[in-house]
Amino acid sequence: MQIQNILQAQKEFSKTPNPLNIQFRKTNLEKLRELIINNQDFLCEAIYKDFGKSKFDTFTTEISFVLNDIDYYLKNLKSLSKPQKVKTNLSNQLGNSKIYSEPLGCILVIGAWNYPYQLSLSPIIAALAAGNCCILKPSEIAENTMKAMSKLINASFPSEYLHVYEGGIEETTELLKLKFDKIFFTGSTKVGKIVYKAAAENLTPVTLELGGKSPVIISKNANLEVAAKRIIWGKFLNAGQTCVAPDYLLVHESIRGQFLKILKKYIDKFKYEANSIHYTKIINEKNFVRLINLIDKNKVYLGGKYNNPKLYIEPTVLTDIDWNDPIMQEEIFGPLLPVLTFNDFNSMINSLLELEKPLSAYLFSDDSKEKKAFLERFSFGGGCINDVIMHLGNKNLPFGGVGSSGMGRYHGKFGFEAFSHQKPILERVTWGEPNIKYPPYSEKKLSWIKKIL
Ligand code: NAD
């Protein structure tokens, strides 16, 4: 069936009386849960074919993530969907006020390749929980996972409710001409702008989950062992192909030498070898070439080797980097870690304020003044103090960017809200109507109005 016809069928389906009630949503979320659990091996094989991601990483960062999402909504759907009673102001007495969460209708989710299951299915799960129909267009760059999702989902769900549409730029361009009730996009800032422009033509609301250069600040007051261990894990997970991965380090000058040695210790210990279960390869030749061109051989402190046919790049730490180096001009999105230094905490924050607002930022410090400056002066999507990436795993925290790293947010109740219209309703009683607001007006009425308002 043509995609226009599928969207039309979804529109018709979402208009029929009460089709997407809570029980229907729960039944379908449970069905999706079963589908994922019963096909874990198939899903793991597909992602392994795409970029050598191990079963361990696929379970921890993809499968368990989406299963937890489903469990969250199954558990909380009733309370999330319940009309929320709010106070009614004096001039609207006697009455009561409620906010109703209404499904938006038909949602288009456009996914990225780097966490292909999580970034496609997590928004879909939130959208279905909120009572919508969905079309998912996963990234064609991770072709095997795209095909795996399309095969499983399209065989199990009717297309007028949920459909996976395979395709690349051409197909996405066609999709973007259609009128959806919301577009949820994960990907680069460059393509985010294309999506935003296309959505504007139909006045379609968007959530844009984009990227950016996420810094990690290591202060002289940090626990260096813990910092190094957590940073190395977060940076080289998925071979650095993570939107919230530490992009570069800002290390206090006084601890630079000591910290580099600890970084090396953990890189050695974690055994990031080619074709191993501990490490992923680069997604394709294009990204591989882009990344190796960013390695300045004169600045390699550690690593720097690569293997083209295997699309493997060693974890690489680069030192003596300054803001003008090519590696500091774009989001790295790979296993290269440039290290810059600073002397004065506030001046370093000032230099960050000159850059685009990143998706994430991380501070390692035990100093309360530094924490306060980091939180109050520096704007970024979200982050951690004394850790990296892990804020994503807390469903009680919203996830999203700010400025050029994106707009909108999701996860947990924020995901439910992202795919709902919050419809405010005031219900009045029909007796005891005072005449005070109706003409003819008088000075006496005005003085009463002034007291009430
Ligand atoms: P991308 O922008 O190249 O592609 C994302 C999606 O857009 C894909 O489905 C692709 O088919 C489609 N697309 C690509 N070019 C298009 C065009 N010209 N017109 C219409 N559609 C087009 O991004 P990517 O390479 O898949 O992912 C990497 C980027 O995504 C990085 O910048 C990363 O930081 C960001 N990212 C952000 C998040 C987040 O949650 N904020 C998560 C993962 C990745």
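Counting starts at 1 for both ligands and their atoms, following the listed order. Keep in mind the model is a prediction, meaning the values are calculated, not measured.
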Salt-bridge present (K220, D367; N to O < 4.0 Å)
no
Regarding Q8 and Q4, is there a side-chain donor-to-acceptor distance under 3.5 Å anywhere?
no
Distance-only criterion, 3.5 Å: show the donor-acceptor pairs between side-chain atoms of residues 57-70 and protein atoms not counting sequence neighbours.
| unit_1 | atom_1 | unit_2 | atom_2 | d |
| --- | --- | --- | --- | --- |
| T58 | OG1 | S54 | O | 2.7 |
| T60 | OG1 | F56 | O | 3.1 |
| T60 | OG1 | D57 | O | 3.3 |
| T61 | OG1 | K53 | NZ | 3.1 |
| T61 | OG1 | D57 | O | 2.7 |
| E62 | OE1 | Y117 | N | 2.9 |
| E62 | OE1 | Q118 | N | 2.9 |
| E62 | OE2 | K53 | NZ | 2.9 |
| S64 | OG | F59 | O | 2.9 |
| S64 | OG | T60 | O | 3.1 |
| N68 | ND2 | S64 | O | 3.2 |
| D69 | OD1 | K395 | NZ | 2.7 |
| D69 | OD2 | S122 | OG | 2.4 |

Going by distance only, is there an N or O of W113 that falls short of 3.5 Å from an N or O of ligand 1?
yes
Can you tell me if G401 contacts ligand 1 (heavy atom of the residue under 4.0 Å from the ligand)?
no
Looking at N350, N343, D344, which hits side chain to side chain donor-acceptor pair (under 3.5 Å) with S347?
D344
Euclidean distance, L136 CG relative to L162 CG, rounded to 0.5 Å
7.5 Å
So which of I332, V244, N287, V191 gets nearest to atom 15 (N) of ligand 1, if we judge by its closest heavy atom?
V191
Any protein heavy-atom neighbour for atom 4 (O) of ligand 1 (distance below 4.0 angstrom)?
no
The closest protein heavy-atom partner of atom 34 (O) of ligand 1 is E331 OE2, 2.5 Å
Heavy-atom proximity to atom 6 (C) of ligand 1, best of G187, G111, A112
G111
Heavy-atom nearest option to atom 7 (O) of ligand 1, drawn from F333, F399, F185
F185
Note: L359, heavy atoms under 4.0 Å from ligand 1, region reported as side chain
Return yes when Y115 approaches ligand 1 closer than 4.0 angstrom through a heavy atom, no otherwise.
no
heavy-atom search around atom 36 (N) of ligand 1 in the protein gives C243 CB, 3.5 Å
Check C133 against E160 and note the closest heavy-atom contact, atom names and distance.
SG-O, 3.6 Å
Looking only at protein heavy atoms, which one is nearest to atom 17 (C) of ligand 1, and what is the separation?
I169 CG2, 3.6 Å
Which is closest to atom 29 (C) of ligand 1 in terms of heavy atoms, G381, S188, G211?
S188
For ligand 1, indicate whether the residue T172 contacts it via side chain, backbone, both or neither (heavy-atom separation under 4.0 Å).
side chain
With a 3.5 Å cut-off and no angle check, do the side chains of Y312 and E273 form a donor-acceptor pair?
no
Side chain to side chain contact (heavy atoms under 4.5 Å, CB included), paired with F180, selected from L104, L175, N202, I107:
L175
For ligand 1, which atoms sit closer than 4.0 Å to a heavy atom of I110?
6 (C), 7 (O), 9 (O)
Would you say N221 and D366 are linked by a side-chain donor-acceptor pair, where the criterion is simply a distance under 3.5 Å?
no
If you have a sec, work out which protein heavy atom is nearest atom 11 (O) of ligand 1 and how many Å separate them, to one decimal?
E140 OE1, 2.6 Å
Any atom of ligand 1 sitting under 4.0 Å from a heavy atom of L210?
yes
Any nitrogen or oxygen of Y410, side chain or backbone, less than 3.5 Å from one on ligand 1?
no
Check whether the side chains of K182 and T207 place a donor and an acceptor atom closer than 3.5 Å, and report yes or no.
yes
